[in-house]
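Let me begin by presenting the structure, written as structure tokens, before commenting on it.
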Amino acid sequence: MTAIPAPTAIAETLKRRSGPTPTAVVPPGAKRFSVARTLRYLLLLFFLLAILIPVYVLVVTSFKGVGEASPARAWAWPHVWTLVNWQAAWTTLSPAILRTVQMVVPAAIISSFLGSMNGFVLSRWRFPKANLVFTLILFGMFIPYQAVMIPLLQLMLGLNVPSGIPSLIILHVIYGIPITTLIFRNYYESVPVELIEAARVDGAGMLRTYASIVLPISIPSFVVVLIWQFTSAWNDFLFAVFFSSSQNGPVTIALNNFANGALLQNYGSSMAGALLASAPTLLVYILLGRYFIGGLMSGSVKG
Amino acid sequence: MLVSVRQRRRVSQWGPPLLLISPSLILVGVFVYGLIGVNVATSLTDEHTSAQSTGRAPVEFVGLKNYVNLLYSPAFQHSLRNLVLYTGVFLLSALLLGFVWAWLLDKPAVGEGIFRSVYLFPMAVSFVASGVVWRWLLNSNQGASASGLNRLFEMLGLGFMQNPWWNNPNWGIAAIALPAVWQLSGYVMALFLAGFRGIPDEQREAARIDGASEWKLYRHVIFPQLSPVALSAVIIIGHMSLKAFDLIMSISKPANYQTKVPAVDMFTLKSTYDYANAAAVGTILLLIVAVLVVPYLVRTARAEKNR
Amino acid sequence: MRRIGVVAALAAAGLALAACSSGNSGSSGSSGTGTKASQVEVFTWWAAGSEKLALDAMVGVFNKQHPEVKFINGAVAGGAGSAAKDLLQTRLQAKNPPDTFQAHAGKEIADYIAAGQLQDVSNLYDEFGLRNAFPAELLKLLTVDGKIYSVPSDIHRANMVWANPAVLTAAGLDPKATYPKLADWFTALDKVKASGKTALSIATTWTQVQLLENVLLSDLGSDKYIGLWDGKTAWTGSDVGAALADYGKLLSYTNTDRDGLDWPDATQQVIDGKAAFNVMGDWAVAAFTEQKKTAGTDYTYFPMPGTVGVFDFLADSFTLPVGAPHADGAKAWLQTVGSLEGQTAFNKSQGFDPGPQGRQPEGLQRVPADRDQVLRSGHDRPVAGAWSGDTDRRSHRHLRRREQVRDRQLERCDVPDRARGCGQIGRSPVGRSPSDNAVCGSEVLPARTPSSSPERKRCS
């Protein structure tokens with residue numbers, strides 16, 4: 001999935017309003033609203049179940065053997081819980097998962113450092129046309145990558161970058177610069193000016209300020225950006241399909257090949273594969289969910 | 001002194017920042033703007049064959065001929081139509097659903113955290129993985145051999161709702177919008193939630209004390225303040241849907257007519273060495289996205305400047 | 001300061017991982033510095049199923065014939081070749097070709113030839129004595145500008161119909177009947193449709209294109225069909241129009257979930273008795289044999305109605321790319337591929353042994369359904385009819401012409417005279433079924449030529 005920017009307007013809003021869920025003032029005559037409240041809960045529950053339908057399908061189908069693959073048993077609970085599909089999926093996808101880790105971690109780390117430097121410069125050290133530069137960088141996040149794909153292919157070929165993970169690391173770093181810059185810039189906007197001023201008064205140059213004052217306090221933002229870049233690069237498919245193959249590429253292209261490429265559909269192992277491929281990002285989401293959401297909101301992270 | 005003290009101080013002030021940011025500037029300059037330029041140049045040539053791609057045949061400048069051919073070809077027009085349909089369905093559904101969820105969760109509720117997490121989790125899943133399960137769900141068999149959602153409808157007594165989903169030649173692409181909505185409505189919800197939370201309680205209280213009904217409260221206090229949020233959501237969801245590629249590759253196949261969109265066309269063209277047309281499709285996509293995004297960026301930049 | 005240390009450590013870890021992974025990724029192409037003729041990387045998409053069995057059989061013969069050359073299996077799974085072809089395109093462009101790769105003989109390799117990525121192997125034909133081993137017509141079709149660029153490993157016939165006798169009997173049809181013309185077949189298809197089963201099972205895009213080729217072959221005859229590809233027959237002619245109408249009619253008998261299936265699923269429908277007929281090349285027999293079905297009782301086959309005596313051939317072949325790292329190894333492989341033992345092992349392993357002659361439908365007697373005979377006989381003329389050129393479903397250049405055909409068909413949809421075109425196909429007033437739009441709605445690639453047809457109206 002391509003990175004999604006958080007609009008600065010939202011960041012503004014959140015800056016004004018800090019803290020977790022505010023309790024709304026309960027209007028008088030609360031009892032009158034019990035019907036409405038029940039209705040609300042019913043609706044919420046209905047949507048919850050609807051959202052979870054694909055999860056049910058994924059889990060249940062992945063444990064069904066070939067014998068239960070008939071349409072009549074499509075939604076039924078498995079008679080026999082088998083691990084055959086998981087074994088097949090693991091054998092095919094585990095090399096790809098390893099390669100994806102090798103791709104995502106460097107890409108996330110490098111692009112977050114670049115974003116941090118850019119964000120700091122653009123938010124605190126005004127130079128002529130800083131705003132214009134920022135907008136130009138930001139536009140790079142919105143462009144459809146199809147608009148640069150053909151020359152990009154030829155460029156990577158010409159630079160002799162091996163296809164597969166090396167190419168993808170470079171590409172994710174470069175095309176991750178706009179979003180990381182945005183997130184960091186919004187974060188640094190919320191850093192009190194006095195900190196920076198104090199450093200300047202002390203005679204520190206920009207690099208010293210950055211290294212000794214700004215970096216340490218950016219940890220929360222780093223977490224947000226790392227998670228965001230991790231998820232974004234893990235789930236990317238467009239670059240993978242142009243610059244790698246199922247043999248040397250990340251798990252998205254391997255999964256697509258595994259699930260859709262076979263001549264005979266095997267939904268059981270495809271579902272197991274899909275779960276395997278999504279496990280890392282889902283894990284990150286479950287454990288570090290609020291940082292994930294913080295990434296969406298770009299900036300107001302309560303560490 | 002050739003350079004005044006003042007000038008030197010100014011340079012030493014913004015010299016280092018520029019230096020620090022220059023790697024990124026160069027990279028973005030080359031890999032975004034430079035390559036866009038080269039892409040446009042390629043799209044103005046007649047490089048359609050494999051021989052030309054390896055330099056064994058000459059490549060000539062043909063001006064806007066590729067664009068004209070593309071825009072006149074019924075197949076590409078179908079792609080564009082699909083794109084518009086997909087974007088429309090995706091955008092409206094995601095906005096509606098996201099707003100409804102945010103509205104439902106705005107007031108305090110038991111287990112709000114759980115609801116929010118579940119509504120949002122599909123965002124963490126890749127389009128390819130989601131495509132695997134939605135391919136199964138959107139299986140177009142009906143009746144006795146129905147599987148997926150069609151079978152569910154059958155089981156729930158809603159048999160009349162069965163339909164071929166993405167195999168429908170005219171509306172098939174709308175079925176592909178369904179997984180996209182599943183994945184991204186949570187994001188819209190998060191945006192609207194932030195928007196709701198951004199409205200000070202005092203305003204709501206004041207409106208209530210003044211005797212305004214719930215509807216009036218929403219119409220005159222809340223909606224106006226949510227419109228920037230809604231705009232952002234439109235821009236973001238809109239630009240994502242214009243790039244639709246992963247879902248279609250995962251659920252359908254690149255060659256399928258029903259679900260063809262420009263992004264998939266570009267891939268097919270590249271696979272057949274037709275680089276000039278692939279570049280042209282890419283540029284057309286860029287223009288469409290630019291129309292949507294550039295005004296928004298300009299507006300945001302101006303708002304920044306006036307801060 | 002401690003935090004800086006943590007951050008710096010993270011950065012170092014990141015760079016280390018990056019270095020690590022770039023080291024691991026150099027796995028494409030041949031590895032190691034083997035001596036010449038020590039190995040050969042064979043790039044195919046035969047990674048599973050009966051195709052893999054065939055490849056393994058060929059490898060067995062290769063190891064016997066050339067024990068000094070190590071076989072490296074470069075098979076790429078998935079996509080029935082599309083994933084492999086994408087990877088191949090990348091590797092060829094990066095000047096990192098495999099030692100040899102699989103491609104369909106005929107027009108499909110024209111792109112590679114034009115790009116200068118294939119070596120001329122005509123001298124190998126002389127060296128290995130293959131000029132006498134293959135039928136002359138086949139050699140003619142393999143030759144481009146006087147040079148041959150590949151060695152075929154098998155020949156398949158693409159204009160076959162497979163049928164389930166039980167389904168036919170249940171529909172009131174004679175299971176042994178073959179249909180000399182398409183019109184006769186339509187009557188039979190109607191009867192099957194009336195009996196509630198799928199009349200004609202078909203799968204995704206390429207199988208539909210293959211059906212189109214068969215219909216064109218049937219309605220135009222082999223000479224005019226070949227003329228479509230070298231310009232002698234006009235795509236805009238009325239005979240082509242009539243063929244397209246027939247194609248549209250045929251699609252109306254097919255299963256609605258076709259686009260989500262690949263060919264084994266469609267053939268499986270015949271095996272399982274869910275469908276009566278399936279048009280597929282003779283490689284489909286492997287599916288039947290694998291499931292222990294007997295020809296004549298569990299299934300029957302006959303040439304596509306209207307194409308008796310015509311062998312629409314499709315041949316897998318192996319090439320020698322320019323810049324192959326181990327050219328000698330590749331040449332050894334090509335020798336095995338072209339040799340009699342190699343081909344026999346390869347084809348027999350897929351079960352291409354059609355059973356007692358007596359049970360074959362009349363039409364097939366004149367055509368060697370047993371391709372071993374074709375290859376063994378060498379000098380004999382294999383068919384009474386003509387060899388028709390392989391259009392290869394993946395040859396996109398020819399699909400461009402199909403776009404023109406399709407544009408033409410769409411123009412027909414505007415024609416008020418509903419004698420031809422979409423209007424003829426069963427229309428339901430409410431809720432059209434996908435098959436109604438099948439012809440007007442089927443396309444493979446965006447057209448490159450401007451269509452001068454006016455604003456398209458939907459047939460309704």
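Each chain gets a letter, A, B and so on, in the order the sequences are listed, and its residues count up from 1.
- The contact between B:Leu137 and chain A is made entirely by side chain atoms (from C-beta outward), counting heavy-atom distances below 4.5 Å.
- Listed options A:Leu114, A:Ile177, A:Leu276, A:Leu52 were ranked by heavy-atom pairs under 4.5 angstrom with chain B; first place goes to A:Ile177.
- Heavy-atom distances place no part of B:Val40 under 4.5 Å from chain A, backbone and side chain included.
- For a residue to count as touching a neighbouring chain, one of its non-hydrogen atoms must lie under 4.5 Å from one of that chain's; by this rule A:Tyr267 touches chain B with the side chain only.
- Within the 4.5 angstrom heavy-atom criterion, no atom of A:Val251 approaches chain B.
- Contact annotation for B:Leu97: only side-chain heavy atoms (C-beta onward) come within less than 4.5 Å of a heavy atom of chain A.
- In this structure, the ring-ring contact (aromatic ring centres under 6.0 Å, His included) partners of A:Phe230, at least two apart in sequence or on a different chain, are A:Trp234.
- With a 4.5 Å cut-off on non-hydrogen atoms, A:Asn131 touches chain B through its side chain but not through its backbone.
- Counting only heavy atoms from C-beta outward, the side chains of B:Ile235 and A:Phe142 approach each other to under 4.5 Å.
- At a 4.5 Å heavy-atom cutoff, the contact between B:Val293 and chain A is made by side-chain atoms alone.
- Only the side chain of B:Val289 has a heavy atom closer than 4.5 Å to any heavy atom of chain A.
- Interface residue B:Val118: backbone and side-chain heavy atoms are both found under 4.5 Å from chain A.
- Neither the backbone nor the side chain of B:Trp103 comes within contact range of chain A; no heavy atoms are under 4.5 Å apart.
- If you measure heavy-atom distances from A:Val121 to chain B, the contacts under 4.5 Å come from the side chain alone.
- Each of B:Ile36, B:Thr283, B:Asn39 was evaluated against A:Val148; a single residue qualifies, B:Ile36, per the side-chain contact (heavy atoms from CB on, under 4.5 Å) test.
- Note on ring orientation: taking the six-membered ring where Trp is involved, the planes of A:Tyr175 and B:Phe31 are perpendicular (angle over 60°, cut-offs 30° and 60°).
- Relative ring orientation between B:Phe115 and A:Tyr41 is described as tilted, the plane-to-plane angle lying within the 30° to 60° band.
- Proximity to chain B (any heavy atom under 4.5 Å) is shown, for A:Leu275, by neither the backbone nor the side chain.
- Interface residue A:Ser278: only side-chain heavy atoms are found under 4.5 Å from chain B.
- Using a 4.5 Å cut-off between heavy atoms, B:Leu25 touches chain A through its side chain atoms alone.
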